[in-house]
There are 2 protein chains.
Amino acid sequence: MLTFIGLGLYDERSITVEGREALRSADRVFAEFYTSRLVGADVADLEAAHGVDVEVRDREGVERDPEPILAAAEAGDAAFLTAGDTMISTTHADLRLRAESRGIDTRVIHGVTAQSAASSLTGLQNYRFGKAVTLPFPYAHGGEDVPGSVIETIEANRERGLHTVVYLDIKVGTGPSGPDPDHEEYMTADHAAGLLADGWRDELAVVVARAGSPDAVVAADRLSVLAEREFGDPLHLLVIPGDLHHVEAEALVGLAGAPESILEE
Amino acid sequence: MLTFIGLGLYDERSITVEGREALRSADRVFAEFYTSRLVGADVADLEAAHGVDVEVRDREGVERDPEPILAAAEAGDAAFLTAGDTMISTTHADLRLRAESRGIDTRVIHGVTAQSAASSLTGLQNYRFGKAVTLPFPYAHGGEDVPGSVIETIEANRERGLHTVVYLDIKVGTGPSGPDPDHEEYMTADHAAGLLADGWRDELAVVVARAGSPDAVVAADRLSVLAEREFGDPLHLLVIPGDLHHVEAEALVGLAGAPESILEE
């Protein structure tokens with residue numbers, strides 16, 4: 001049996017009660033933190049809180065050499081942990097398909113995702129979000145500051161009045177000059193706002209910092225203003241609103257400090 | 001203090017560990033189940049599992065008469081519970097804004113949402129979903145079988161190659177002939193597939209039944225085929241895929257029983 005368990009967004013208590021029970025009863029526990037990580041807990045915290053040994057795998061150890069994980073799932077109950085929800089970006093769908101094709105039962109125990117939190121914390125309605133994008137570090141795509149595909153997605157959403165979640169790049173284990181096990185870099189929201197402000201100086205945007213943590217910050221303002229602020233520890237993301245319903249505009253003013261002028265727009 | 005706590009998708013164990021701690025330490029606990037509900041647990045189950053008294057409010061008691069909730073949050077620690085995530089559709093943003101404007105601290109402890117689970121269980125990538133829609137019961141919108149706005153949204157997403165989550169109508173406390181406290185009706189996925197198959201007989205769709213539960217079902221097939229099947233207890237939703245990446249098509253075949261012909265399309 002292979003159970004994929006989402007750890008949720010922040011620390012060892014962001015997992016669901018059901019997930020914790022499955023984790024505690026597993027014979028072996030694997031985890032990866034290269035797609036995302038928990039900012040409020042490290043591996044030792046997880047091990048101590050749940051009374052388990054956690055075997056952390058890098059990308060190579062999941063995607064190219066999944067055999068030890070599959071063998072453990074064949075021999076007993078194996079759990080595979082990630083931050084957020086394990087399956088949300090199909091990153092691990094391949095591992096699940098491999099297990100199924102070997103006759104290993106699989107199950108997903110969901111975790112809270114940044115996508116849900118972005119809607120929930122900003123007061124922007126989940127129905128009114130279009131396709132999401134990721135803003136990469138300029139060095140990671142080797143092109144201009146903001147890839148054309150990011151701008152096209154935001155504009156296509158706005159033509160339909162829809163909001164866009166902009167995930168910010170995470171580089172763990174790979175730096176500007178290639179593989180580097182010690183490299184850990186998270187794009188900050190002010191940096192991202194600065195990149196986007198080049199074309200959209202006066203556009204409204206919403207920063208969500210540390211979603212799911214007790215000190216989550218939500219701040220709405222013009223991109224050029226957000227670019228000059230600081231939002232503390234990662235993880236950050238941005239939302240670029242489309243058309244705003246009245247309740248959404250009120251939420252941005254009341255909960256995120258947006259300029260009151262947006263109520264008249 | 002007013003803490004909004006998402007219960008997640010299925011039963012009393014779908015809440016996060018953090019949510020459970022906040023719930024247990026609250027002085028008073030309010031809940032509403034008219035926007036959604038937990039299929040695997042009733043109020044008595046929640047009360048027994050968490051050792052609290054839960055005061056359930058109907059829509060009127062939240063939206064028109066929030067005073068008792070606000071007064072409790074002013075006098076001590078009040079928790080407000082919903083299925084999924086409390087803030088995901090801005091339904092309760094108004095309550096949060098009222099509290100904040102009275103100087104009451106508020107906090108959101110997130111729950112797993114159907115939106116996340118739809119992506120996670122189907123293997124369809126969360127980045128490749130467009131705007132979501134809700135398919136209402138025909139009697140609830142008084143028009144044709146499928147409202148034009150639903151069709152337009154699905155088509156606008158597909159033009160961009162994007163998937164669409166189709167939430168299915170829930171009617172609790174309101175029936176075909178108006179308010180009715182005993183009315184409880186959940187649109188099933190086969191019913192929804194039948195409505196949509198009128199225009200899109202051969203289109204591929206994916207049923208997700210009981211997301212977040214131990215017996216979640218995921219089934220991919222043509223709409224006209226899905227319309228003839230049965231998927232058991234609620235809640236159900238549908239996903240109408242846009243363009244499929246190869247891994248997504250493999251996931252639909254391997255995890256959802258889609259016809260293998262989609263691998264060649």
Side-chain angles (χ1 to χ4, degrees), chain A residues 4 6 8-18 20-21 84-90 93-94 96-97 100-101 106-113 115-117 119-121 123-134 156-157 160 162 167 211-212 214 216 245 247-248 250-251 254-255, chain B residues 4 6 8-18 20-21 84-90 93-94 96-97 100-101 106-113 115-117 119-121 123-134 156-157 160 162 167 211-212 214 216 245 247-248 250-251 254-255:
Chain A
F4 294 88
L9 291 174
Y10 180 64
D11 68 9
E12 70 280 2
R13 303 183 309 140
S14 306
I15 193 172
T16 63
V17 172
E18 181 190 16
R20 183 167 74 168
E21 288 172 8
D85 186 288
T86 309
M87 285 290 158
I88 204 68
S89 297
T90 69
D94 182 64
R96 189 172 181 204
L97 286 165
E100 288 281 339
S101 73
T106 67
R107 195 173 157 220
V108 181
I109 299 180
H110 301 290
V112 172
T113 61
Q115 191 171 24
S116 295
S119 165
S120 182
L121 289 173
L124 297 173
Q125 198 172 3
N126 68 320
Y127 281 71
R128 293 163 49 74
F129 280 78
K131 174 176 160 54
V133 288
T134 294
N157 285 336
R160 292 169 65 195
L162 302 176
Y167 296 107
H245 277 174
V247 177
E248 293 180 313
E250 281 183 348
L255 303 173
Chain B
F4 294 88
L9 291 174
Y10 180 65
D11 68 8
E12 71 280 2
R13 303 184 309 138
S14 305
I15 193 172
T16 63
V17 172
E18 181 190 19
R20 182 166 76 168
E21 288 172 8
D85 185 287
T86 309
M87 286 290 159
I88 205 69
S89 298
T90 70
D94 183 64
R96 189 172 182 206
L97 286 166
E100 289 279 341
S101 73
T106 66
R107 198 176 153 215
V108 180
I109 299 180
H110 302 289
V112 172
T113 61
Q115 191 171 25
S116 295
S119 164
S120 183
L121 289 173
L124 297 174
Q125 198 171 2
N126 68 320
Y127 281 71
R128 292 163 48 76
F129 280 79
K131 174 176 161 50
V133 288
T134 294
N157 285 336
R160 292 168 66 195
L162 302 177
Y167 296 106
H245 277 173
V247 177
E248 293 179 314
E250 281 183 349
L255 304 173

Trainee: Where on A/Ser101 is there a heavy atom nearer than 4.5 Å to chain B: the side chain, the backbone, both, or neither?
Mentor: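 The answer is neither part of A/Ser101.
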Trainee: Could you tell me which residues satisfy ring pair (Phe, Tyr, Trp, His ring centres under 6.0 Å) with A/Phe129, sequence neighbours excluded, listed by chain and number?
Mentor: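 If we apply the ring pair (Phe, Tyr, Trp, His ring centres under 6.0 Å) test to A/Phe129, skipping adjacent residues, the hits are A/His163.
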Trainee: Is chain A contacted by the side chain of B/Ala156, its backbone, both, or neither, given a heavy-atom distance below 4.5 Å?
Mentor: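 Both backbone and side chain.
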Trainee: Taking all heavy atoms of B/His110 and all of A/Gly212, pick out the closest pair and write down the distance.
Mentor: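 Residues B/His110 and A/Gly212, closest heavy atoms: CD2-CA, 3.9 Å.
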Trainee: Under a 4.5 Å cut-off applied to non-hydrogen side-chain atoms, are A/Ser116 and B/Ile88 in contact?
Mentor: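 The answer is yes, as the side chains (C-beta and beyond) meet within the 4.5 Å cut-off.
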Trainee: For B/Thr134 and A/Tyr127, work out which heavy atoms get closest and say how close.
Mentor: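 So the two residues come closest at OG1-OH, 2.5 Å.
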Trainee: Could you measure the distance from the CG atom of B/Asn157 to the CZ atom of A/Arg160? Nearest 0.5 Å is fine.
Mentor: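 So the gap between those two atoms works out to 4.5 Å.
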Trainee: Could you have a look at B/Glu12, B/Arg128, B/Arg20, B/Glu100 and say which one has the most heavy-atom pairs with chain A under 4.5 angstrom?
Mentor: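 Looking at each of B/Glu12, B/Arg128, B/Arg20, B/Glu100 in turn, B/Arg20 comes out on top.
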Trainee: Which answer fits B/Val112, side chain, backbone, both or neither, if we ask what part of it has an atom under 4.5 Å from a heavy atom of chain A?
Mentor: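 Both backbone and side chain of B/Val112 come within 4.5 Å of chain A.
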Trainee: When heavy-atom pairs shorter than 4.5 Å are enumerated against chain B, which of A/Glu21, A/His245, A/Lys131 gives the highest number?
Mentor: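 Between A/Glu21, A/His245, A/Lys131, the count favours A/Lys131.
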Trainee: Side chain, backbone, both or neither: which part of A/Glu250 has a non-hydrogen atom closer than 4.5 Å to chain B?
Mentor: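 Contact with chain B is through both the backbone and side chain of A/Glu250.
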Trainee: Of the backbone (N, CA, C, O) and the side chain (C-beta and beyond), which part of A/Tyr167 lies under 4.5 Å from a heavy atom of chain B, both, or neither?
Mentor: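 Contact with chain B: side chain only.
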Trainee: Counting only non-hydrogen atoms closer than 4.5 Å, does B/Leu121 touch chain A with its backbone (N, CA, C, O), its side chain (CB onward), both, or neither?
Mentor: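 Answer is both: backbone and side chain atoms of B/Leu121 are under 4.5 Å from chain A.
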Trainee: What option among B/Asp11, B/Ile109, B/Leu9, B/Leu97 has the most heavy-atom pairs under 4.5 Å with chain A?
Mentor: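 Maximum pair count with chain A is reached by B/Leu97.
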Trainee: Taking the side chain as everything from C-beta on, heavy atoms only, tell me whether B/Ser14 gets closer than 4.5 Å to A/Thr16.
Mentor: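 Heavy-atom side-chain distance check fails, nothing below 4.5 Å.
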Trainee: Atom CG in B/Asn126, atom CD in A/Gln115: separation rounded to 0.5 Å?
Mentor: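 Answer rounded to 0.5 Å: 5.0 Å.
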Trainee: Give the member of B/Ala216, B/Gly6, B/Gly8, B/Pro214 that has the highest number of heavy-atom pairs under 4.5 Å with chain A.
Mentor: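 Result: the option with the highest number of such pairs is B/Pro214.
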Trainee: Is chain A contacted by the side chain of B/Leu162, its backbone, both, or neither, given a heavy-atom distance below 4.5 Å?
Mentor: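 The side chain, not the backbone.
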Trainee: For chain A, which candidate among B/Asp85, B/Val108, B/Thr106 shows the most heavy-atom pairs at distances under 4.5 Å?
Mentor: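 Highest number of pairs under 4.5 Å: B/Asp85.
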Trainee: Give the minimum heavy-atom separation between A/Ser120 and B/Met87, together with the two atoms involved.
Mentor: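 Where A/Ser120 meets B/Met87 most closely, the heavy atoms are OG-CB, 2.9 Å.
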